[in-house]
Amino acid sequence: MNAYDEYMKGIVKPMREELASNGFTELTTAEDVEGTMTALEGTALVVINSVCGCAAGLARPAVREAIVEAEYKPDHLLTVFAGQDKEATERMRAYFPEVPPSSPSIALWKDGALAYFIPREQIENFEMEQIKGHLTEVIGQVCQK
């Protein structure tokens with residue numbers, strides 16, 4: 001691993017752990033994504049994580065709090081890290097080709113299809129509470145049995 005990659009690995013470690021320590025399965029390779037998504041049943045919340053400020057100050061905190069507050073919970077919590085795990089992110093994005101690449105972003109998956117998508121544009125210019133409220137509502141709609 002070159003010096004730049006080693007440096008970035010250390011920088012993003014807490015950004016990864018913020019989701020992983022809250023129940024998210026981190027998918028770091030295209031094979032991880034493929035194996036998980038092809039076997040997936042039920043609902044999933046997929047966070048395309050990012051190193052940017054709107055991921056740190058808005059997306060990740062909103063996701064963590066929305067999961068706690070949502071009456072109905074996704075069956076699976078998944079994450080890929082854009083800019084770090086490039087092949088995994090590219091493979092995940094292939095599951096919703098109708099959506100332009102966006103990071104951070106949040107996808108809700110249900111029964112083998114994209115049910116809802118929150119792009120960066122609906123994250124970066126909003127308050128964390130607004131994002132959390134939006135996501136809590138969507139989780140409730142998508143994950144209600």
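Formation of a donor-acceptor pair under 3.5 Å by the His134 side chain with backbone atoms of Glu129 is not found in this model. Thr29 places a side-chain N or O within donor-acceptor distance of the main-chain N or O of Asp32, the cut-off being under 3.5 Å. The backbone N or O of Ala62 sits nowhere less than 3.5 Å from a side-chain atom of Glu65 that would complete a donor-acceptor pair. Between the side chain of Lys132 and the backbone N or O of Glu69, no donor-acceptor pair lies under 3.5 Å. A distance-only check finds a donor-acceptor pair linking the side chain of Asn2 to the backbone of Asp5 [under 3.5 Å]. Judged by distance alone, with hydrogens and angles left aside, the side-chain atoms of Asn22 form a donor-acceptor pair with the main-chain N or O of Glu18 at under 3.5 Å.
Looking at Gln122 and Ile131, their side chains never come closer than 4.5 Å, going by heavy atoms from C-beta outward. Residues Thr36 and Met92 have side chains not in contact (no heavy-atom distance under 4.5 Å, counting atoms from C-beta outward). Residues Pro104 and Arg120 form a side-chain contact, since some pair of their non-hydrogen atoms from C-beta on lies under 4.5 Å apart. The side-chain heavy atoms of Leu135 and Leu108, taken from C-beta on, include a pair separated by under 4.5 Å. Using a 4.5 Å cut-off on side-chain heavy atoms (C-beta onward), Leu58 and Glu127 make no contact. Looking at heavy atoms from C-beta onward, Thr25 lies out of side-chain contact with Leu77 at the 4.5 angstrom threshold. Taking 4.5 Å as the limit, some side-chain heavy atom of Leu78 sits within range of a side-chain heavy atom of Leu27. You'll find the side chain of Ile106 reaches within 4.5 Å of the side chain of Ile123, heavy atoms only.
Closest approach of Gly83 and Lys86 over heavy atoms only: O-CE, 3.5 Å. Residues Phe126 and Glu121 share a closest heavy-atom pair of CE1-O, 3.4 Å. Scanning all heavy atoms of the two residues, the minimum distance from Arg93 to Ser102 falls at NH2-O, 3.5 Å.
Interatomic distance, Gln141 CD to Ile139 CD1, rounded to the nearest 0.5 Å: 11.0 Å. Note that the CD1 atom of Ile11 and the CD atom of Gln84 stand 10.0 Å from one another [nearest 0.5 Å].
A tilted orientation is assigned to the rings of Phe117 and Phe96, their planes being inclined by 30° to 60°.
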Side-chain polar contacts of residues 45-55 - donor-acceptor pairs under 3.5 angstrom, sequence neighbours left out - could you list them?
from	atom 1	to	atom 2	distance (Å)
Asn49	OD1	Arg60	NH1	2.8
Asn49	ND2	Met15	O	3.1
Ser50	OG	Cys52	N	3.3

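For Glu34 and Tyr95, the side-chain atoms include at least one donor-acceptor pair closer than 3.5 Å.
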* Phe24 and Val63: side chain to side chain contact (heavy atoms under 4.5 Å, CB included), yes or no, with the steps? -> CA-CA 11 Å; Phe24 279 79; Val63 166; 3.4 Å; yes
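The side chain to side chain donor-acceptor pair (under 3.5 Å) test applied to Asp75 returns Thr43, Lys145, not counting sequence neighbours. For Lys110, there are no side chain to side chain donor-acceptor pair (under 3.5 Å) partners at least two apart in sequence or on another chain.
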